Amino acid sequence: MVTFQISRNVFQKSHITSGGFTSVAAFGTEYSRRGQNEVMEKDGSFYTKSSNCVKPLLCEVTIYLNIFAKIFYMKQFDIYLDETKTIYADSIPTFPDSKIWGNLSNKFAFILYRLDYDNRLLESIFEKINTYKENFKKRNGLNTRETSVVPFIEIIHVISDLRMITDEIIALLFILEKRSETGDYPDIIDIDQIGTLLDRLDKGEQTYLQFFQSYKDFLRLINDITNTYKHSFINDHVLFLRQLDVPTVFAIKSAKHKNRNKFDKNENKLISVTLENVVNDFNHMFLNYRTLVKQMANEQILKDYEGKRQL
């Protein structure tokens with residue numbers, strides 16, 4: 001889902017009160033009150049007199065300056081049916097009952113709720129990086145940790161959650177395929193994470209989860225990035241990189257020596273991929289996944305019903 005977002009900072013910080021101006025950055029310039037009845041911009045390009053609105057506690061003037069609103073491009077996980085961004089019951093498949101694994105519809109709903117939360121993080125990331133780029137371009141000294149460091153942390157949170165979600169949808173499809181084959185859910189989930197799945201698919205050792213064959217490159221990327229997050233001692237050096245083009249996922253992978261960190265400038269590896277590409281690839285996979293899972297679940301419920309009718 002592509003969204004063009006109006007920066008909320010403009011409207012949150014655009015109130016002129018009798019005590020002076022509450023905002024500096026929202027208008028790109030500094031204001032001050034001058035006298036009892038005058039408000040003016042220090043640069044002199046804007047001058048307003050109001051005998052009422054500047055008197056203490058009498059009134060507040062709210063100015064909405066759409067012309068100053070920053071419009072920025074934003075990418076989100078495509079999980080909504082409409083612009084209200086509501087998670088409807090129609091978006092959640094109904095699964096055959098399971099005495100072992102509980103209510104699987106709740107599990108699927110929780111995945112959607114997490115992606116919804118991740119979308120809020122994506123909004124924050126795109127907005128902060130847009131602000132960072134504007135400030136950097138203007139050399140105005142307004143960038144702080146909020147715009148230069150926090151986006152890196154939020155990106156780590158999004159990608160890490162995406163890894164956990166992907167592990168869960170792998171496990172969910174595995175038990176559905178097993179149930180389709182045997183008539184009941186298994187009590188052991190043999191394949192419940194990206195690493196195990198890729199290893200099995202690469203070796204051609206099993207027939208389950210063939211759906212993910214088409215998405216091995218994406219799965220390998222997510223696996224590589226999140227393993228780097230977990231194990232690479234030098235990954236914090238991503239903070240020396242600037243987000244000046246588009247929001248980008250960076251991970252610095254240490255050279256390995258017997259599964260331990262080793263510093264070797266010729267073997268250390270920088271992983272770099274745009275956040276938009278990660279979201280696009282997941283959206284493509286998840287759209288097809290949801291269609292498949294809903295179809296399989298419905299078929300198994302119908303088969304169970306027909307079986308009970310014949311008893």
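The analysis underlying the following values was restricted to heavy atoms, covering all of them including side chains, and did not include hydrogens, waters or symmetry mates. Nothing here was measured: the structure is a model prediction, and the numbers come from that model.
With a 4.5 Å cut-off on side-chain heavy atoms, Ile170 and Ile194 count as touching. Contact annotation: the side chain of Arg179 never approaches that of Ile175 to less than 4.5 Å [non-hydrogen atoms, C-beta and beyond]. In this structure the side chain of Asp78 never reaches within 4.5 angstrom of the side chain of Phe286, judged on heavy atoms. With contacts defined as side-chain heavy-atom distances shorter than 4.5 Å, the pair Pro96/Tyr185 qualifies. A 4.5 Å side-chain heavy-atom check between Asn223 and Arg163 finds at least one atom pair inside the cut-off. Between Ile111 and Leu115, some side-chain heavy-atom pair lies under the 4.5 Å cut-off.
There is no side-chain donor-acceptor pair under 3.5 Å between Asp161 and Tyr117. Side-chain atoms of Ser105 and Thr94 form no donor-acceptor pair, as typed in the model, at a separation below 3.5 Å. Side chains of Tyr215 and Asn288: a donor-acceptor N/O pair is present below 3.5 angstrom, by distance only.
Checking side-chain atoms of Thr147 against main-chain N and O of Thr144 turns up a donor-acceptor pair under 3.5 Å. Judged by distance alone, with hydrogens and angles left aside, the side-chain atoms of Asn130 form no donor-acceptor pair with the main-chain N or O of Phe126 at under 3.5 Å. Remark: the backbone N or O of His231 is paired with a side-chain donor or acceptor of Asn261 at under 3.5 angstrom. Checked by atom type and distance alone, the side chain of Asn235 never pairs as donor or acceptor with a backbone atom of Thr228 at under 3.5 Å. With hydrogens and angles disregarded, no donor-acceptor distance shorter than 3.5 Å links the side chain of Lys133 to the backbone of Gln243.
Screening Ile271, Ile225, Val238 against Phe250 for a side chain to side chain contact (heavy atoms under 4.5 Å, CB included) leaves a single residue, Val238.
A salt bridge links Glu154 with Lys128: the closest approach of a Lys/Arg side-chain nitrogen to an acidic carboxylate oxygen falls below 4.0 angstrom.
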- Any chance you could lay out the side chain to side chain contact (heavy atoms under 4.5 Å, CB included) test for Arg290 and Ser91, step after step, and finish with the verdict? CA-CA 9 Å; Arg290 291 170 71 178; Ser91 301; 3.5 Å; yes
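Note that Arg220 lies outside the cation-pi zone of Phe218, set by a 6.0 Å cut-off to the ring centre and a 45° limit from the axis.
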